[in-house]
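In this chain, numbering begins with 1 at the start of the sequence shown. Note: hydrogens, waters and symmetry copies are ignored here, and every other heavy atom, side chains too, is used.
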Amino acid sequence: SVPKGCCHTASNLWSQSYDFDPETELNFVDKWLVHTPVSHIFAINGSLRAWRYGGSVVFASKSFDINMSLKALKGHMCTRMSAVPTLVQALLSHPEWDDGKESLALRYVSLGGTLIKGEDIQMCKRLGSDAVIQAYGMGEGAPISSDRRVDPRLLSDDYPGVGKVLPGAHLRICELGSQLTLNRNVPGELHIGGTSVISGYLNGVNPESFYTDEHGSWLRTGDQASIDDNGVLQILGRYKDLIIRGGENIAPAKIESHMGSIPGLLVSTHQ
């Protein structure tokens with residue numbers, strides 16, 4: 001899509017960096033590796049979260065460089081990082097990666113940016129990370145809306161959800177093109193709201209993406225999702241990516257998931 005400016009307020013960023021963190025008491029200094037552009041909302045969020053409780057931030061390089069990311073992980077013994085699966089794959093494929101995860105101090109990897117599969121989680125564990133968390137977020141949400149791991153099932157590699165709604169955030173599944181809220185386990189368009197979500201784009205572009213009701217301001221994300229009986233958000237894909245066959249909406253991600261369960265067949269979208 002055409003880039004759109006997200007007009008965040010100090011309250012948006014404070015709400016996100018305070019409410020998001022699953023840990024509030026640490027007995028050591030966490031080191032966050034930031035290797036996205038510092039203008040990216042994930043870099044801003046990660047830095048604010050680290051500094052809020054006395055952690056430190058390692059900026060690997062002025063622009064993204066996988067060599068510097070690996071050097072920072074090893075040299076500064078970073079304990080946390082955010083990543084997309086292709087970045088993790090690049091680290092594991094790097095000529096200086098010797099599969100010696102004992103040389104790293106990683107204990108927490110937050111994965112996002114795409115649909116996450118079991119193989120992606122296993123890749124992170126090859127880096128030695130203790131916890132691999134899939135989160136849902138957008139730049140408009142500063143960025144995370146779903147990541148809570150209060151349900152023990154969410155720590156399992158094969159649980160397909162991206163967590164429960166965070167404190168201060170709102171999630172609802174609506175009929176596409178409307179504000180009609182759907183029941184649990186029924187796929188629809190994900191709408192997000194709450195204290196960290198912006199109420200409009202720069203210069204008022206795409207105003208149809210936002211609306212306000214008695215619960216506050218909402219953003220239509222364009223993502224197809226559902227919320228299961230446990231209150232866990234399940235991301236199914238983008239509506240623009242849907243295959244429409246005989247009047248039925250077919251999510252490519254669901255096809256990939258079923259194909260990946262066939263013994264001997266490796267399904268990967270990573271380039």
Side-chain angles (χ1 to χ4, degrees), residues 8 13-14 16-139 142-144 147 149 155 157 162-163 268-271:
H8 285 290
L13 298 176
W14 182 90
Q16 179 67 194
S17 62
Y18 181 82
D19 290 335
F20 170 79
D21 208 320
E23 293 181 299
T24 56
E25 296 183 9
L26 298 173
N27 55 12
F28 64 95
V29 176
D30 244 340
K31 289 186 178 181
W32 285 69
L33 172 62
V34 173
H35 41 194
T36 59
V38 293
S39 60
H40 194 285
I41 195 67
F42 271 101
I44 296 171
N45 173 261
S47 299
L48 290 176
R49 288 172 60 200
W51 293 329
R52 177 174 63 81
Y53 53 72
S56 61
V57 179
V58 176
F59 297 100
S61 54
K62 290 184 177 180
S63 58
F64 177 71
D65 184 333
I66 193 65
N67 300 296
M68 297 304 294
S69 292
L70 182 57
K71 184 177 179 179
L73 276 173
K74 290 185 174 182
H76 293 280
M77 300 298 287
C78 297
T79 59
R80 294 191 178 210
M81 76 171 185
S82 297
V84 295
T86 49
L87 191 153
V88 177
Q89 181 63 57
L91 285 170
L92 293 173
S93 302
H94 195 281
E96 294 185 16
W97 169 255
D98 54 8
D99 221 16
K101 61 184 181 182
E102 67 278 356
S103 64
L104 301 182
L106 267 182
R107 57 184 300 272
Y108 183 101
V109 176
S110 179
L111 279 178
T114 185
L115 295 171
I116 307 300
K117 308 182 186 69
E119 64 192 69
D120 302 319
I121 295 174
Q122 290 304 316
M123 281 197 306
C124 290
K125 291 191 173 181
R126 283 185 57 196
L127 293 175
S129 177
D130 296 329
V132 183
I133 303 300
Q134 182 184 0
Y136 175 84
M138 301 178 70
I144 305 297
D147 188 33
R149 300 284 140 177
L155 299 177
D157 292 356
V162 293
S268 176
T269 58
H270 309 320
Q271 300 298 321

Report task. Mind checking the CG-CD spacing from Leu91 to Glu96? Nearest 0.5 Å is all I need. Result -> 11.5 Å

Report task. Nearest 0.5 Å please: distance from the CG atom of Asp30 over to the CZ atom of Arg107. Result -> 6.0 Å

Report task. Please name the pair of heavy atoms, one in Ala142 and one in Asn45, separated by the smallest distance, quoted to 0.1 Å. Result -> O-ND2, 3.7 Å

Query - Gap between atom NZ of Lys62 and atom CE of Met68 - 0.5 Å precision - result: 11.0 Å

Query - Check: Thr79 side chain, Lys31 main-chain N or O, donor-acceptor pair, under 3.5 Å - result: yes

**Report entry** Donor-acceptor contact present, side-chain Ser129 to main-chain Lys125, <3.5 Å
**Finding:** no

Query raised in the report: What's the shortest heavy-atom distance between Gln89 and Met123, and which atoms?
Result: OE1-SD, 3.0 Å

Report summary line: For Trp97 and Leu70 the tightest heavy-atom approach is N-CD2, 4.1 Å

Query raised in the report: Looking only at heavy atoms, which two atoms of Val57 and Ala50 are closest? And how far apart?
Result: CG2-CB, 3.7 Å

Report task. Quick one: pull up CG in Leu73 and CE in Met81 and give me the separation to the nearest 0.5 Å. Result -> 5.5 Å

Query raised in the report: Closest heavy-atom contact between Ile44 and Val38?
Result: CG1-O, 3.5 Å

Requested in this report: State, yes or no, whether a side-chain contact exists between Ser47 and Phe59 at a heavy-atom distance under 4.5 Å.
Outcome: yes

Query raised in the report: Under 4.5 Å between any side-chain heavy atoms of Leu106 and Arg80, yes or no?
Result: no

Query raised in the report: Would you say Tyr108 and Val132 make side-chain contact, with heavy atoms under 4.5 Å?
Result: no

Query raised in the report: Atom CD1 of Ile41 and atom CE of Met138: how far apart are they, to the nearest 0.5 Å?
Result: 12.0 Å

Report task. Could you pull out the closest heavy-atom pair between Pro37 and Ala43, with the gap in Å? Result -> O-CB, 3.4 Å

**Report entry** Backbone of Leu33 reached by a side-chain donor or acceptor of His76 within 3.5 Å
**Finding:** no

Requested in this report: Could you tell me whether the side chain of Leu111 reaches within less than 4.5 Å of the side chain of Ile133, counting heavy atoms only?
Outcome: no

Query raised in the report: Given the rule in the side-chain contact (heavy atoms from CB on, under 4.5 Å) test, do Asp120 and Val88 qualify, once you have shown the distances and angles that lead to the verdict?
Result: CA-CA 8 Å; Asp120 302 319; Val88 177; over 6 Å; no

Query - Non-hydrogen side-chain atoms of Met77 and Leu104 separated by less than 4.5 Å - result: no

**Report entry** Geometric class of the His35/Phe64 ring pair [parallel <30°, tilted 30-60°, perpendicular >60°]
**Finding:** perpendicular

**Report entry** Nearest-0.5 Å distance, OG of residue Ser69 to CG of residue Leu87
**Finding:** 6.0 Å

**Report entry** Test item: Val58 and Trp32 side chains (from C-beta on) under 4.5 Å apart, heavy atoms
**Finding:** no

